[in-house]
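To start, the structure under review is shown below, and the notes come after it.
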Number of protein chains: 2
Amino acid sequence: MDSTLRARLAAAGVAPECATTIELVRDLLARAGDKWTVLVVTALADGPLRFTALHERIAGVSQRMLGHTLRALTRDGLVTRTAHAEVPPRVEYALTPLGRSFGDTVAHTVRWVQQHRTEILRNRERFDGEAPPTG
Amino acid sequence: MDSTLRARLAAAGVAPECATTIELVRDLLARAGDKWTVLVVTALADGPLRFTALHERIAGVSQRMLGHTLRALTRDGLVTRTAHAEVPPRVEYALTPLGRSFGDTVAHTVRWVQQHRTEILRNRERFDGEAPPTG
DNA sequence: CTGAATCCTTGTTGATACTG
DNA sequence: CAGTATCAACAAGGATTCAG
């Protein structure tokens with residue numbers, strides 16, 4: 001993990017437990033912000049799906065990134081992975097209660113963005129209109 | 001911007017406005033998850049601060065990354081940048097109402113992580129205890 | 001003091017190919 | 001079907017240097 005950060009926070013007088021929380025917060029926030037997590041969680045919100053079903057439903061994701069995303073989600077217990085011992089193999093992914101809860105929290109932020117979408121976009125335009133000419 | 005994503009979403013039958021929202025959501029989520037944003041917003045929550053004050057208060061951040069973070073935040077209108085025409089220069093950064101609102105939303109997620117911290121950590125341990133031996 | 005420019009290291013993403 | 005391994009491209013992050 002990012003032990004450097006922990007050391008720095010410790011040096012700054014932050015309690016270890018709190019430091020771990022900060023790392024974890026950033027970790028989860030970063031995960032929510034990565035390219036595929038939100039789409040995966042959203043896709044699974046309607047019910048369990050197989051790997052291929054997810055791959056088809058989420059346009060543009062590579063097998064590799066879908067696999068990584070799913071693995072990370074599974075590791076944190078946000079998603080369950082159920083492999084059925086059959087031929088051909090069948091693996092189903094489903095949201096856990098924790099994952100659903102996480103999805104709700106993210107949805108909260110999504111709603112915020114939707115509400116402030118116009119304002120943010122306008123701010124960017126204004127900023128880009130003023131600043132870019134370096135001189 | 002990520003026009004590739006937009007094209008893909010369009011191909012998938014997603015409305016352009018919705019596609020923009022998705023990009024923006026991921027953008028803001030990614031920003032929240034980056035290494036310094038949350039710390040900057042938190043630091044500014046107590047009131048305006050100068051560049052150097054922020055640099056001192058946030059242990060471990062480089063001038064470069066602090067500058068980048070501040071610039072991104074300013075661009076979105078989450079933070080104001082007030083340069084006083086003095087010698088030596090003095091620049092103050094402050095949260096806008098929008099920035100404060102954003103901070104509240106992020107705080108919501110932070111609280112979620114704090115509440116589920118133990119569970120997530122336990123899940124990870126269990127996962128790492130079972131899976132790693134590849135064979 | 002504030003912060004942009006440069007250079008370098010590292011981590012992330014994705015295409016492709018291969019295995020159980 | 002459900003992935004993992006490998007490799008190449010790229011972006012993020014950081015140290016240092018330069019400038020207004």
Side-chain angles (χ1 to χ4, degrees), chain A residues 1-5 7-8 26-27 29-40 48-75 79-94 131-135, chain B residues 1-5 7-8 26-27 29-40 48-75 79-94 131-135:
Chain A
M1 236 177 254
D2 189 350
S3 59
T4 309
L5 172 66
R8 281 168 179 162
R26 209 151 66 183
D27 214 52
L29 243 20
R31 171 136 338 153
D34 84 17
K35 210 167 178 181
W36 306 111
T37 297
V38 171
L39 294 176
V40 169
L49 286 173
R50 301 175 55 168
F51 187 90
T52 302
L54 278 167
H55 193 199
E56 286 168 359
R57 193 179 275 227
I58 302 174
V61 70
S62 63
Q63 281 190 328
R64 184 178 179 279
M65 290 322 295
L66 181 56
H68 278 244
T69 303
L70 250 11
R71 187 181 169 86
L73 253 20
T74 304
R75 185 167 105 100
V79 160
T80 55
R81 178 185 184 280
T82 311
H84 301 270
E86 306 172 356
V87 179
R90 181 164 60 92
V91 180
E92 281 204 330
Y93 292 92
T134 307
Chain B
M1 232 176 257
D2 189 349
S3 58
T4 308
L5 171 67
R8 280 167 180 164
R26 209 153 64 185
D27 213 53
L29 243 19
R31 170 136 337 151
D34 84 16
K35 211 166 179 182
W36 306 111
T37 297
V38 171
L39 295 176
V40 169
L49 287 173
R50 301 177 54 173
F51 187 89
T52 302
L54 277 167
H55 194 199
E56 286 168 358
R57 195 178 275 226
I58 301 173
V61 70
S62 63
Q63 282 188 330
R64 184 179 179 280
M65 291 323 295
L66 181 56
H68 278 244
T69 304
L70 250 11
R71 187 181 168 85
L73 254 19
T74 304
R75 184 168 107 99
V79 161
T80 56
R81 178 184 182 281
T82 310
H84 299 269
E86 304 171 358
V87 179
R90 180 164 62 91
V91 180
E92 280 203 332
Y93 291 92
T134 306

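A, B, ... follow the sequence lines: proteins, then strands. Residue 1 opens every chain.
- Taking CZ from A:Arg50 and CZ from A:Arg57, the interatomic distance works out to 13.5 Å, rounded to the nearest 0.5 Å.
- For A:Gly67 and B:Ser62, each mapped to the nucleotide of DNA chain D holding its nearest heavy atom, the one lying further toward the 5' end belongs to A:Gly67.
- Contact between the side-chain N/O atoms of B:Tyr93 and the OP1/OP2 oxygens of C:dC1 is not found at any separation under 4.0 Å.
- Considering every non-hydrogen atom in both A:Lys35 and B:Arg26, the closest pair reads O-NH1, 2.6 Å.
- Between A:Met65 atom CE and A:Asp34 atom CG the span is 7.0 Å, to the nearest 0.5 Å.
- Nearer to the 5' terminus of DNA chain C, by closest-nucleotide assignment, is the contact made by B:Phe51 (compared with the other of A:Asp34 and B:Phe51).
- In this structure, B:His84 atom NE2 and C:dC1 atom C1' are separated by 13 Å, rounded to whole Å.
- The residue among A:His68 and B:Glu92 whose nearest nucleotide of DNA chain C is located toward the 5' end is B:Glu92.
- Residues A:Thr74 and A:Leu70 come closest through the heavy atom pair OG1-O, 2.6 Å.
- One interatomic measurement links the two molecules: CD1 of A:Ile58 to P of C:dG14, which rounds to 12 Å at whole-angstrom precision.
- Atom NE2 in A:His55 sits about 12 Å away from atom P in D:dG3, given to the nearest Å.
- Closest approach of B:Phe51 and B:Leu66 over heavy atoms only: O-CD2, 3.8 Å.
- Note: A:Thr69 OG1 to A:Ile58 CD1 = 8.0 Å, rounded to the nearest 0.5 Å.
- Protein atom CG of A:Leu66 is 8 Å distant from nucleotide atom P of D:dG3, rounded to whole Å.
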What are the atom names and distances for every N/O pair under 3.5 Å that joins the protein to nucleotides 6-12 of chain C?
{"unit_1": "C:dT6", "atom_1": "O4", "unit_2": "B:Arg64", "atom_2": "NE", "d": "3.3"}

Which atoms of nucleotides 17-20 of chain D (N or O only) lie under 3.5 Å from a protein N or O atom, and what are those distances?
none

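- Here D:dA9 presents its P atom at 17 Å from NZ of A:Lys35, a figure rounded to the nearest Å.
- What you find for A:Pro48 and A:Glu92 is that their closest heavy atoms are CB-OE1, 4.1 Å.
- The distance from atom CZ of B:Arg31 to atom P of D:dG13 is 11 Å, rounded to the nearest whole Å.
- With a 4.5 Å cut-off on side-chain heavy atoms, A:Thr37 and B:Leu29 do not count as touching.
- In this structure, A:Arg71 places its CZ atom 11 Å from P of D:dG3, rounding to the nearest Å.
- Side chains of A:Val40 and A:Leu73 form a contact here, defined as non-hydrogen atoms less than 4.5 Å apart.
- With D:dG3, C:dG3, D:dT4 as the choices, the nucleotide that has an atom nearest any side-chain atom of A:Val91 turns out to be D:dG3.
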